[in-house]
Amino acid sequence: MKYTSQRGTRDILPVDMPVWHNLEKNCRKLFELYNYFEIRTPIFESTELFARSIGESSDIVSKEMYTFKDKGDRSITLRPEATAPVVRAAIQNNLIEKDKITKLYYMGPMFRYERPQAGRYRQFYQSGVEVFGSKDPALDAEVISLSVQIMDKLGLSDLSVKINSVGCKSCRPKYMETLKEYFKSNAKNLCETCNNRLETNPLRILDCKDPSCQKHIENAPAIIDFLCEECKTHFEKVIYWLNVLNIKYEINKRLVRGLDYYTKTTFEIVSGKLGAQNAVCGGGRYDNLVVEFGGNDTPAIGFAIGMDRMVEVLKEHGTQSTEHRFRLLYIATLGDAAKKLGVELLLNIRKSGYAAEMDYIGKSLKSQMKEADRIKAKYVLILGEDEIKSGKAMLRNMETAEQGEVLLDKVLEEIIVRLQSKGSKF
RNA sequence: GCGGCCUUGGUGUAGAGGCAACACAGCAGAUUGUGGUUCUGUUAUCAGGGGUUCAAUUCCCCUAGGCCGCCCCA
């Protein structure tokens, strides 16, 4: 094969489209029920936009970005996530107004240079929301609830919601210090990567699966115990509202998200049906990002759903909806005169809003019938020399195998009548 | 970036150091104008490159890709 898709990218083929469409349709529907409006931002942005928001020390920025210089010597990066671009766009277009809630949703491809694995691609798709303008914990719960509603709507079970709080500017530094101190005292027992993390990002040690680190992690101070008053009550109220909304969740003290902009609430939905890459949704609050990007001080919260993984779960779940197709007419022709008539008729059928197809390979009548059968045509209109001479055509119902003659003058009407109704004789 | 397993026709599989087998799909034909059954025929230099050998698709090495794990995350 001369060319193949690039590593970590794949073609999403027609067979899988019903599942994708179903997912997209349901996301859109729920987002709009919650009064979100769609926004589409560019696939690439300045590298700095991501470096600043996601964090220089994060894995995403330090090793996973598709970054290149354009012909104007600008450093460009293919978006690894959508929150930063959406925040940028919201500020740039004055979508965020004082004392007003702005709700945006998006859907599209993201890019991260990682080693491909099941459920992990270099070009992958996310759909998510961002809300600006409220620090109400009830909103946190609503946002989490929305993501859960989508899963419900899609009929997914075996999912669990994990939540945590990562504190804010005032309490996180203190916690980080304590954590650093704690791990430093055990540094010789930690794995190599965790030793590096001690300096770069001690928070992430909490996520380490290395057995030698695990036992220290068990006893590590938890951020929840270090939250400032504001963050603490915020977290408690989120829990309160989650209970009001009747959402099942697990508090995961070690849920650390890999993006630096998160404050207070973070959450994740994981599926028991996937492999190691089991997070299907992740998000959280980011109250400082808007002001850091030069907007007015505006709290915000959002999440992203990993669509590729959702599709996997949906396929496993067997809920792929077969997409509705039109009742299809196949026009079989024999001879040049018939072909001309067929081509004209084909156009008119389609102009009338009905699906139709005919042969362009020069197949025999038998093969045309086979083809009609293969593409599941409901009717076949047979136009042959004999029919044309007598001013008639043969119309065959492929399901009942009944057929009858129709006058060429009225063939369009006759066909339409049959394509509309199910009870016709042939 | 690291480790393990893997890569045979359109698809799914078999195979052995020396004619690459099977199923399904596809195409053609079995009434030179009619489908879904049946029958017949037909469809691959075994991912790419290099090496060992009289001989390799089968053994070895490299590369690419896939899967799984680490890492990270959606």
Under 3.5 Å, is there an N or O donor on one side and an acceptor on the other linking the side chain of Arg120(A) and the base of rC67(B)? no
How far, in whole Å, is rA55(B) from rG1(B) if one measures between their P atoms? 37 Å
Find the partner of rU37(B): check Watson-Crick (N1-N3 plus N6-O4 or O6-N4) and G-U wobble (N1-O2, O6-N3) distances, both under 3.5 Å, and reply none if neither fits. none
Hunt down the Watson-Crick or G-U wobble partner of rA21(B), both distances under 3.5 Å, from any strand shown, or write none. rU13(B)
So if I take every side-chain heavy atom of Pro116(A) and compare against rU34(B), rC67(B), rA74(B), which nucleotide ends up nearest? rC67(B)
If you measure from the C1' atom in rA56(B) to the same atom in rG48(B), how many Å do you get, rounded? 16 Å
Counting distance alone, no hydrogens or angles: does the base of rU34(B) have a donor or acceptor under 3.5 Å from a partner atom on the side chain of Gln403(A)? yes
Residue pair Gln420(A) / Tyr354(A), side-chain heavy-atom distance below 4.5 Å: yes
Hey, does the Lys NZ or Arg CZ of Arg122(A) hover above the aromatic six-ring of Tyr113(A), less than 6.0 Å from the centre and inside 45° of the axis? yes
Under 3.5 Å, is there a donor-acceptor pair linking the side chains of Tyr66(A) and Glu64(A)? no
With no angle test and no hydrogens, is the base of rG66(B) tied to the side chain of Gln117(A) by a donor-acceptor pair under 3.5 Å? no
Determine which nucleotide pairs with rC73(B), using a 3.5 Å limit on both distances of a Watson-Crick or G-U wobble pair. none
If you check every side-chain atom of Asp373(A), which of rC71(B), rG36(B), rA74(B) has the closest atom? rG36(B)
On RNA chain B, compare the nucleotides closest to Ile382(A) and Asn278(A); which residue's is nearer the 5' end? Ile382(A)
Now, which nucleotide makes the Watson-Crick or G-U wobble pair with rU42(B), with each of the two distances under 3.5 Å? rG26(B)
P spacing across the pair rU45(B) / rA20(B), given as an integer number of angstrom: 12 Å
May Phe124(A) be described as stacking on the base of rA74(B), applying a 5.5 Å centroid limit and a 30° limit on plane angle? yes
Is Tyr330(A) touching bases, backbone alone, or none of the nucleic acid, heavy atoms closer than 4.0 Å? nothing
Rounding to the closest angstrom, what is the interatomic distance between rG50(B) and rA14(B) at atom P? 29 Å
Would you classify Glu312(A) as touching base, sugar-phosphate or nothing, given that sugar-phosphate means primed atoms plus P, OP1 and OP2, and contacts are heavy atoms under 4.0 Å? nothing
Would you kindly check whether a donor in the side chain of Arg115(A) faces an acceptor in the base of rC68(B), or vice versa, at under 3.5 angstrom? no
Re rC59(B): Watson-Crick or G-U wobble partner, both distances kept under 3.5 Å, found to be rG51(B)
Does rU32(B) pair with anything, Watson-Crick or G-U wobble, both distances under 3.5 Å, and if so, with which nucleotide? none
Would a 4.5 Å heavy-atom cut-off, applied to side chains only, mark Glu357(A) and Glu371(A) as touching? no
Using a 4.0 Å heavy-atom cut-off, does Ser367(A) contact any base of the nucleic acid, only the sugar-phosphate backbone, or nothing at all? sugar-phosphate
Identify whether any heavy atom of Glu268(A) sits under 4.0 Å from a base atom; if not, whether one sits that close to sugar-phosphate; answer base, sugar-phosphate or nothing. nothing
Whole-Å C1' distance, rU57(B) and rG17(B): 10 Å
Hey, would you say the Phe31(A) and Tyr105(A) ring centroids sit under 6.0 Å apart? yes
Check this one for me: any side-chain N or O of Thr4(A) less than 4.0 Å away from OP1 or OP2 of rA64(B)? no
Between rG15(B) and rG51(B), how far apart are the two C1' atoms, rounded to whole Å? 24 Å
Counting only side-chain nitrogens and oxygens, does Arg396(A) get under 4.0 Å of the OP1 or OP2 atom of rG35(B)? no
Using atom P of each nucleotide, how far apart are rA44(B) and rU53(B) to the nearest Å? 32 Å
Between rU8(B) and rU40(B), how far is it from one C1' atom to the other, in whole Å? 27 Å
For rC67(B), give the paired nucleotide (Watson-Crick: N1-N3 plus N6-O4 or O6-N4; G-U: N1-O2 and O6-N3; both under 3.5 Å), or none. rG4(B)
